[in-house]
Amino acid sequence: MEYISGVVERITYINEENGFCVLKIKSRGYSELITVVGNLAAVNIGAIVRLKGEWKMNSKFGKQFAVHDYEETLPATVAGIEKYLGSGLIKGIGPVYAKRIVQCFREDTIRVLDQEPERLMQVEGIGEKRVELIKKAWQEQKEIKNVMLFLQSKGVSTAYAVKIFKTYGNESIEIVKENPYRLADDIWGIGFKTADKIAQQMGFEKNSFERCRSGIVYVLNELSNDGHCFLPREKLVVETEQMLGIEKELIDATLDRLIEEKILISDEGDAVFLPPFYYSEVGTAQRIKEIISIKSNYAKTDIEGIIEDIQRRHRIKYDEVQKEAIKTAAAAKFMVLTGGPGTGKTTTILGIIKLFRQMGAKVLLAAPTGRAAKRLGETTGMEAKTIHRLLEYKPPEGYKRDRDNPLDCDVLIIDETSMVDIILMYNLLKAVSNDAVVILVGDVDQLPSVGAGNVLKDIIDSGVVKVIRLSRIFRQAQGSNIITNAHKINKGEFPYLKGGRKNDFFFIEEEDPAQVVQVIRELCTKRLPAYYKVHPVHDIQVLCPMHRGETGAANLNAVLQDALNPSTLSLKYGGCEYRLGDKVMQVKNNYDKNVFNGDIGSISRIDMEERTLVINFEGNYVNYDATELDEVVLAYATTVHKSQGSEYQVVVSPFTTQHFMMLQRNLLYTCVTRAKKVFVLVGTKKAVAMAVKNNKITKRNTRLAERLAKEGNIKNCP
């Protein structure tokens, strides 16, 4: 091993996921900058470092110093201090303020920041507000550095050091030492495997209770991400045993203790739930039964006469199924209206609204996402809110509308219900009066919700709720190949792919994945905007069966960002570059920011000094620190799953056999039905045929249908 010392001049590359860096350092005795590689994510530009390592020759990049260990000291020279402060290390100090501060305090700068930060008011442009920001940031970076160095000493990633510090503050190191498995429970993005790696480095036993407990909870959480509300006990034990590599008896004993302590809930002995999913499922069934048990206030009204009056006054003619739906809405307390595109769902909803308003009822409209709510408002001419906004969600208090403060309405209509997961449905129904009428609208043949549960399908399958299915394709919709092909796909028939100039459904045959990417790039940047006069970012959406792979969303995002957004103002995090104007998507429910999984926005402001950016989500401007950007991904391309509830003027979709694992009928059907004006499929007929034939829908572990169908009352839930 050798030792070298020097000043960090540049950070050429940093991988936020594993802390690997490439640095350039200036060292006495060397005429050129030295390339240094290793886990140095805690180091900033301008820092003085003493490195322990060895020289290696890289065939591509030449001679490098590979670091095994290092020590860091604060810079002593004026130039070094300026470079150190101007590196983005401290919020509130960028290159401009770094220069002014160092010009004012020279070699005494570090001491002033440490001991007399109020003196920063002497610097031109720095007021009380900025001094407070710098004081806080200076203290935080010292603590964060301690956390980073501690984690590095355990040989694990330091990418989450800031998140750990934000969660635990000055107690970070003590908490991690006491029980590193808490990281997996408390901090989004840090999974069990990372926590387990830290724990093993710290000497935690393989058979420890903490490890076994965390492993069981991790397995349940992972499967909830696949839509499951519970796991059969035997399967949970087997999955945990395979992951942890420990004895089955130990897992069984730990599971019994977790159930006894109510950390987990065992339902009828064979199903193990995380409490939120159990109480939401039981509570949803309870609320539906309670609402149904009260007779409708509108059942005895002359509904036939009102419908005739509506048809006459609005010059509209409902078919028999639509009339039945409108009559059922008045007679039933809880109803599901389902059907595919072009079957008259919107016309029927409008008829139901007119009926209730003519009877003097107060109607509220909502949908799971901002885009779906906006579309519902546009088609009905009424205000429609997201479910969270309807329930007046305010962090950190939660939902203001609940049992004690129910929604002020006689009728509640929820659109795109296939997207609603079990936890959101329970919170919604808690806020509905027993006297109210609830109408759920959605396409049950689409993909189920991203969150756990299969709420719409379960409610239909239970047989206890009135269901009206619209199946007739209206004449005005029959001219659309998007609509006719969607129904063909849904029936298991191969779609019509020979699109002419006047058609709205096109297929471009291309087998080579690299060529598929190039075709999509050209479609989005030139061909479609030129022919249809649409905006390449706002009106065109690329939808992929998968996230990974050459024709997956991740790669297409990188290609389309370079093609569509030339902005040089950007922040980098986790191997991704976020540019001003980028189209982005939130991928985690963040109740504090009031943004949710699947929300799409655009980056409207970037502050390089503060290392923050602002994202505009349909008029909701949300601030993000750079360390929070793992919650956001580029959205020029996204997965079909993430597109639910949204409609786009133009949809372009790669469908190749690369995606064979995800090629399912309901995925292709959902993909096609997202397009309003034009749908373009790029790929192979073989991949399309595989999707159409594959109707094996993965069953989700839920018990809502059983609970609804079960006789008798259900116990109260929180």
Side-chain angles (χ1 to χ4, degrees), residues 219-220 222-232 234-236 238-239 242 270-271 277 281 336 338-341 417-422 442-463 467 469 471 485-497 507 543-549 551-553 638-645 653-674 679 681 683-706 709:
V219 169
L220 282 171
E222 282 295 290
L223 285 158
S224 75
N225 292 334
D226 293 333
H228 300 295
C229 290
F230 71 88
L231 209 56
E234 191 176 327
K235 189 175 181 187
L236 175 58
V238 169
E239 295 257 350
Q242 286 174 353
D270 67 328
F277 301 120
E281 198 174 87
V336 171
T338 187
T417 311
S418 62
M419 292 182 67
V420 180
D421 62 45
I422 191 66
D443 187 345
V444 75
D445 296 316
Q446 282 184 29
L447 291 167
S449 59
V450 174
N454 203 350
V455 178
L456 185 63
K457 185 176 185 302
D458 284 350
I459 290 172
I460 292 171
D461 290 349
S462 72
V467 179
R469 183 185 277 271
S471 55
N485 274 340
H487 286 275
K488 274 176 169 285
I489 290 162
N490 205 25
K491 289 184 212 165
E493 299 170 11
F494 195 81
Y496 180 77
L497 299 180
F507 174 70
L543 297 181
C544 308
M546 291 179 72
H547 186 69
R548 294 195 177 112
T551 57
T638 186
T639 60
V640 179
H641 284 83
K642 294 284 188 186
S643 72
Q644 290 167 266
S653 184
F655 249 73
T656 70
T657 49
Q658 262 197 340
H659 302 136
F660 74 94
M661 288 177 64
M662 296 297 293
L663 297 180
Q664 292 179 320
R665 187 185 298 174
N666 62 350
L667 182 129
L668 179 56
Y669 173 74
T670 302
C671 185
V672 172
T673 55
R674 299 308 88 206
F679 180 80
L681 202 56
T684 63
K685 289 177 183 174
K686 184 181 178 183
V688 175
M690 284 170 71
V692 171
K693 286 177 188 172
N694 182 8
N695 199 30
K696 291 178 185 172
I697 297 166
T698 307
K699 187 181 182 303
R700 293 186 166 194
N701 292 331
T702 69
R703 286 190 168 169
L704 178 60
E706 293 169 41

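- G683 and T656 make their closest contact through CA-CG2, 4.2 Å (heavy atoms, listed as atom of the first residue, atom of the second, distance).
- Partners of D458 by side-chain contact (heavy atoms from CB on, under 4.5 Å), not counting sequence neighbours, listed by chain and number: N454, T702, L704, A705.
- To the nearest 0.5 Å, atoms CG (L668) and CG (L543) are separated by 11.5 Å.
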- Task: Test L667 against V640 for side chain to side chain contact (heavy atoms under 4.5 Å, CB included), laying out the working first.
- Result: CA-CA 7 Å; L667 182 129; V640 179; 4.2 Å; yes

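- Looking at every heavy atom in both residues, P341 comes nearest to T673 through CG-CG2, 3.6 Å.
- The distance from atom CZ of R674 to atom OG of S643, rounded to the nearest 0.5 Å, is 5.5 Å.
- Scanning all heavy atoms of the two residues, the minimum distance from G451 to S449 falls at O-OG, 2.9 Å.
- The ring-ring contact (aromatic ring centres under 6.0 Å, His included) check on F230 picks up F273, with sequence neighbours excluded.
- K696 approaches Q664 most closely through the heavy-atom pair O-NE2, 3.1 Å.
- Contacts of F655 classified as ring-ring contact (aromatic ring centres under 6.0 Å, His included), with partners at least two apart in sequence or in another chain: none.
- Note on R700 versus D421: no salt bridge recorded, every NZ/NE/NH1/NH2 to OD/OE distance being 4.0 Å or above.
- Side-chain contact between D270 and P232 is absent, with no heavy atoms from C-beta onward closer than 4.5 Å.
- Counting only heavy atoms from C-beta outward, the side chains of L663 and N694 never approach each other to under 4.5 Å.
- Minimum interatomic distance between C671 and S653 (heavy atoms only, all atoms of both residues): SG-OG, 3.4 Å.
- In this structure, NZ on K685 lies 6.5 Å from CG on L497, to the nearest 0.5 angstrom.
- For the pairing with D445, the salt bridge (Lys or Arg N to Asp or Glu O under 4.0 Å) check across K491, R469, R665, K457 returns one residue only, R469.
- Taken from CG in L236 to CG in L223, the straight-line distance is 8.5 Å, to the nearest 0.5 Å.
- For the side-chain contact (heavy atoms from CB on, under 4.5 Å) with F277, the qualifying choice from I422, L220, N701 is I422, the only one to do so.
- Considering only heavy atoms from C-beta on, Y669 comes within 4.5 Å of D443 through its side chain.
- How far CZ of F507 is from CZ of F679: 10.5 Å, rounded to the nearest 0.5 Å.
- Within the 4.5 Å cutoff, the side chain of K488 has heavy atoms near those of the N485 side chain.
- In plain terms, the two heavy atoms of T639 and H547 that are nearest each other are CG2-N, 3.9 Å.
- H641 NE2 to M546 CE: the interatomic distance, rounded to the nearest 0.5 Å, is 10.5 Å.
- At least one donor-acceptor pair closer than 3.5 Å links the side chain of T670 to the backbone N or O of L447.
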